[in-house]
Amino acid sequence: IMTLTLVLVITMLAAVYGAVWSAQRLTRPVKDLIAGTRAVGKGDFGTRLPLPSRDEMGFLVHSFNDMTKRLRRTSEEAALGRQAVERERERLAVILSRLSSGVLVVDAQLRLRSANQSAGAILGGDLAAMVGQNLTAVAGAGPLLGEFLTALRTHLGAGRREWREQLALKDEAGNRVLLWTCTPLPDESDDPGLVIVFEDVTALLTAQRNAAWGEVARRLAHEIKNPLTPIQLSTEQLRRKLLPGLDTEHARLLERGTQTFVQ
């Protein structure tokens, strides 16, 4: 009885151990898949699972590894694309900050999306700090911003979204003329927004006006000088011809008169 009992106990222990070992062997790939799925869900696309066998479970593990490989490659490409976009955005920001022209980006509701430093310098006010606000609410921030906003609303109210023209504004320093251009952003959304580029051309127009008046003065001086040379030559010729045949008094009068003409 003891011998049979011992054999029975050993057999039962062996059966239990075999059942546990078989269960672990069957459930280990499933647990690995669960752990790998959780890792991928957290963003770890480098997870690789060991291939347990070449049966259906092995095919499932192989498919999982292939999926994570593709996800990792796609994630790296997306990261490179984001880095390229950020570099281009930083480069564009540097270019805009160095421009002497003002650049504004607004939407249809005149909400300010972007503004460079020159825009604030021309219109008066720190427009870069007003990004996200409506221009109507900050119209009083600068001496020229109110008039600029009025002209902008007039154009948009008339249904115009593209133009290039001069804009005359008036501040405490006097009249100022801006050359401004507006064009819609190439966006597929319902509210693509507008890009407004403007430049203060007051000094340029003044220089052109001064240059024009200088040209007028030069031509006028030329037209005045044209008849002076023949007058001088004719006067000198008269003096040479008439002076020898006159008496002293008339000669002195002719000399004084012709000298005045020549001078």
Side-chain angles (χ1 to χ4, degrees), residues 23-123 126-135 137-138 152 156 160-164 180-199:
Q24 289 180 350
R25 183 178 179 183
L26 291 175
T27 59
R28 182 175 302 171
V30 178
K31 292 181 179 179
D32 292 341
L33 282 174
I34 294 174
T37 304
R38 291 177 178 175
V40 171
K42 295 179 180 179
D44 183 10
F45 300 124
T47 303
R48 294 292 184 274
L49 299 180
L51 191 62
S53 60
R54 297 187 177 276
D55 53 3
E56 290 79 1
M57 186 60 67
F59 177 76
L60 182 60
V61 171
H62 177 74
S63 300
F64 178 85
N65 291 335
D66 185 62
M67 179 195 68
T68 56
K69 182 179 179 180
R70 294 182 180 180
L71 286 176
R72 183 176 181 179
R73 183 167 59 250
T74 304
S75 177
E76 291 176 351
E77 293 176 355
L80 292 176
R82 287 193 299 268
Q83 293 177 1
V85 170
E86 289 298 328
R87 287 195 299 268
E88 291 298 327
R89 184 177 299 174
E90 293 175 357
R91 186 179 305 171
L92 180 60
V94 172
I95 294 174
L96 290 178
S97 64
R98 297 294 187 271
L99 284 178
S100 60
S101 302
V103 180
L104 296 179
V105 180
V106 297
D107 57 14
Q109 289 74 33
L110 297 182
R111 187 179 296 105
L112 186 61
R113 293 183 179 178
S114 177
N116 64 345
Q117 296 179 356
S118 297
I122 295 174
L123 298 179
D126 188 7
L127 292 178
M130 303 175 186
V131 174
Q133 303 182 34
N134 196 294
L135 289 179
V138 297
L152 179 59
L156 295 180
R160 300 181 60 187
R161 298 181 65 85
E162 291 188 42
W163 64 82
R164 177 181 176 85
W180 66 331
T181 303
C182 179
T183 183
L185 279 173
D187 196 349
E188 297 180 357
S189 61
D190 296 333
D191 186 9
L194 302 172
V195 178
I196 305 171
V197 181
F198 53 92
E199 187 173 359

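Sequential numbering from 1 along the given sequence is applied to the chain's residues. Values below: all heavy atoms of this structure, side chains included; hydrogens, waters and symmetry mates excluded. None of these values were measured; they are calculated from a predicted model.
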K.L.:
Identify the two heavy atoms, one from Arg113 and one from Asp107, that lie closest to each other, and give their separation to 0.1 Å.
P.N.:
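Closest approach of Arg113 to Asp107, heavy atoms only: NH2-CB, 3.7 Å.
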
K.L.:
Thinking salt bridges, do Arg72 and Glu76 make one under a 4.0 Å N-O criterion?
P.N.:
yes

K.L.:
Can you tell me how far apart OG (Ser101) and CD1 (Ile196) are? Round to the nearest 0.5 Å.
P.N.:
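With rounding to 0.5 Å, OG (Ser101) is 13.5 Å from CD1 (Ile196).
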
K.L.:
Any ion pair linking Glu86 and Arg89 (charged N to carboxylate O, less than 4.0 Å)?
P.N.:
yes

K.L.:
If you count the non-hydrogen atoms of other residues, nucleotides and ligands that lie under 6.0 Å from CZ in Arg160, is the total more than 12?
P.N.:
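Enclosed.
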
K.L.:
At what distance, to the nearest 0.5 angstrom, does CG of Asn65 lie from CZ of Arg70?
P.N.:
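Here the interatomic distance stands at 12.5 Å.
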
K.L.:
Of all heavy-atom pairs between Glu199 and Ile122, which one has the smallest distance, and what is that distance?
P.N.:
CA-CD1, 4.3 Å

K.L.:
What is the distance from atom NZ of Lys69 to atom CG of Leu71, rounded to the nearest 0.5 Å?
P.N.:
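Answer for the NZ-CG pair, Lys69 versus Leu71, is 12.5 Å.
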
K.L.:
Between atom CG of Leu156 and atom CH2 of Trp163, what is the distance when rounded to the nearest 0.5 Å?
P.N.:
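With rounding to 0.5 Å, CG (Leu156) is 5.0 Å from CH2 (Trp163).
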
K.L.:
Which atoms form the tightest heavy-atom contact between Leu104 and Ala115, and what is the distance?
P.N.:
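Looking at all heavy atoms of both residues, the closest pair is CD2-CB, 3.5 Å.
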
K.L.:
Start with the C-alpha gap between Val85 and Glu88, add the side-chain angles, then the distance that decides, and say whether side chain to side chain contact (heavy atoms under 4.5 Å, CB included) holds.
P.N.:
CA-CA 5 Å; Val85 170; Glu88 291 298 327; 5.8 Å; no

K.L.:
Which value, rounded to the nearest 0.5 Å, describes the distance between Thr183 atom OG1 and Arg161 atom CZ?
P.N.:
9.5 Å

K.L.:
Of all the heavy-atom pairs spanning Arg164 and Thr181, show the shortest one and how long it is.
P.N.:
NH1-OG1, 3.1 Å

K.L.:
State, to 0.1 Å, how close Phe198 and Val103 come at their nearest heavy-atom pair, and which atoms those are.
P.N.:
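Of all heavy-atom pairs spanning Phe198 and Val103, the closest is CE2-N, 4.5 Å.
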
